Novice: 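For reference, the structure I am asking about is given below.
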Amino acid sequence: MAHEQSLVFLVGIFLMMAYGMYKTFIRGEIPHVRKIAALDAIDEGIGRSIEMGKKLQFVIPNDLMGPMASVTLISLTLMSYVARKAAKAGIPAVYTCATAPVLTVMQGMLRDIYAEQGKLEDFNNPEKVKVRMLGEGYWRFGAGASTALALAYPGLLQRENVGTTIFAGEDGKNLLLYGEAGREADCFQICLNPTSSKLSWAIATFDYVAMLSEVYTAGAWVTKRKEQLGSVIGTDIATWTMIVLVIVFTAVASILGRSLSGILVG
Amino acid sequence: MAWYRGVTPPLVLAIIVAFIILFSYFYPGTFVDQLSSTIVNWVIIIGALMIWTGLINLLRFSVREVRRKVPGRWYLALFQVCLIAVMLISGFGEGPGSTAKGAKTVIMWLYNNYYIWAELALAGLSGLWTVTAAYRAFRARSLEAFIFLLGAVFVLMRYAPVGGAIWIGFPIVGGWIIYQPFTAMLRALVIAGGIGIIAYAARFYMGKERQAFGMRG
């Protein structure tokens, strides 16, 4: 029975997304997306790096396989946004990941982005663009957090003279290490964390943090395409529906002493 | 502009597979479930191939850095190539079971005597930086920071044995903070995050999320 209930919820939320996309794509209504401070800070970070003559760094600590795949995919989407801006501004950049498959995808994406911006020579110049893998893989040794990346990170920031670092993803207990290492290197730090893991550490150590659905919304916002922005309308409807349901379920459980789902199922 | 613009065959295949995996959760024991299990098994095989693609790319990348003698990088790239070679030779040379617990093999010796100690060093760094981060986070520079600090003091005192000895209210208030507002907030965040993931999935299923596949928009 629990599965059927989940299916109803899932279909319901999908329908809300479809309605949002219909509103934007067919009817041309562009939703208002409130300012996400961490996204606005990307421009600030690029400007800061240019002024200080330092580099921009984008880090993806997760892998393309396993439970963190969606996190990696959204991180790659955001990386393409940052890379376009970096290529346009001609700022030296370091793109770092933790696994070999992500490195391969990153290289291909960055080559295309720099070529599209007419900056292919920058991509081929190691002084301008560096694509790095600092990780131990993921079969036996890489269970969990990216130890090698976390260990190498403080040295990397100092060696590469990084001015702004954007951390996209989740790395459990190591998040504090990234944040504090960046603080010691006097970096402007932005964390784009789509999970609820170690959020308090991110808030305590990074300058700007985008969290959970903000990051997924950012993924739609950066494309500036109306059909993608439609999912933001769907997200809003789904969120308000959940708020109403939580209030109704809580009220019914408090008044009747039984959960509403229990009453409905009988 | 047609809605199907940019929906390429690989993307269609990915969408079909994603739907099969999704529906297998809701219909266990059916044909869809069996198909999903087969696909998941194939993921392991494709994953193994993906590692080789990544490894060859990494080797090519590192060898190029060594050949070009990239300043400050070439010796690290050389070290990386050597480590990959050692791991491959020891792993393949010692055959299946070489990474089993307690196996007396080169690869396990490296794991026990190099990797574990590196992880412990990281744990030591984490401990040090927890203190510096806590110091900065607990400075009451605004009302929000003051509320954060107040909550942290109660939770800290709940877990510190001395907290209950100072004032009996510390464990009670600390416990209330953890089990009531903190749990409620965390659940709200998780639900919001879940909706965000579904929104991302919806964009993907409709063929609109293409940037992560290297396609524009």
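Numbered from 1 within each chain, the chains take letters A, B, ... in sequence-line order. Keep in mind the model is a prediction, meaning the values are calculated, not measured.
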Novice: Below 4.5 Å from any heavy atom of chain B, which atoms of A/M79 appear? Answer side chain, backbone, both or neither.
Specialist: neither
Novice: Can you name the ring pair (Phe, Tyr, Trp, His ring centres under 6.0 Å) partners of A/Y178, sequence neighbours left out?
Specialist: A/Y153, A/F167
Novice: Please say whether more than 12 non-hydrogen atoms of neighbouring residues, nucleotides or ligands are located less than 6.0 Å from CZ in A/R159.
Specialist: yes
Novice: Mind listing the closest non-hydrogen atom pair of B/G196 and A/S213 along with its distance?
Specialist: CA-CB, 4.1 Å
Novice: Show the nearest heavy-atom pair for residues B/R68 and A/N124, with the distance to one decimal.
Specialist: NH1-O, 4.5 Å
Novice: Just wondering, are more than 12 heavy atoms of other shown residues or ligands nearer than 6.0 Å to CD in A/E127?
Specialist: no
Novice: Out of curiosity, B/E65 CD to A/R132 CZ, how far, rounded to the nearest 0.5 Å?
Specialist: 6.0 Å
Novice: Can you tell me how far apart CG (B/L55) and OG1 (A/T99) are? Round to the nearest 0.5 Å.
Specialist: 12.0 Å
Novice: Can you say whether A/L110 sits under 4.5 Å from chain B via the side chain, the backbone, both, or neither, judging by heavy atoms?
Specialist: neither
Novice: Other residues, nucleotides and ligands only: do more than 12 of their heavy atoms fall within 6.0 Å of CZ on B/F19?
Specialist: yes
Novice: So for B/I191, is it side chain, backbone, both, or neither that comes closer than 4.5 Å to the heavy atoms of chain A?
Specialist: side chain
Novice: Report yes if the side chains of A/Y216 and B/I198 come closer than 4.5 Å at any heavy-atom pair, otherwise no.
Specialist: no
Novice: Which atoms of B/F148 are under 4.5 Å from chain A, going by heavy atoms: the side chain, the backbone, both sets, or neither?
Specialist: neither
Novice: Which bit of A/E214 comes within less than 4.5 Å of chain B, counting heavy atoms only: side chain, backbone, both or neither?
Specialist: neither
Novice: Side chain, backbone, both or neither: which part of A/T217 has an atom under 4.5 Å from a heavy atom of chain B?
Specialist: neither
Novice: Only pairs of heavy atoms separated by less than 4.5 Å count here; which of A/V131, A/I113, A/V102, A/V246 has the most with chain B?
Specialist: A/V131
Novice: Please rank A/I203, A/L103, A/V215 by heavy-atom pairs under 4.5 Å with chain B and give me the top one.
Specialist: A/L103
Novice: Who passes ring pair (Phe, Tyr, Trp, His ring centres under 6.0 Å) against A/F206, sequence neighbours left out?
Specialist: none
Novice: How far apart are the closest heavy atoms of A/T77 and B/Y200, and which atoms are they?
Specialist: OG1-OH, 4.4 Å
Novice: Where do B/G193 and A/L212 come nearest, in terms of heavy atoms and distance?
Specialist: CA-CD2, 3.8 Å
Novice: In terms of heavy-atom proximity below 4.5 Å to chain A, should B/L83 be classed as side chain, backbone, both, or neither?
Specialist: neither
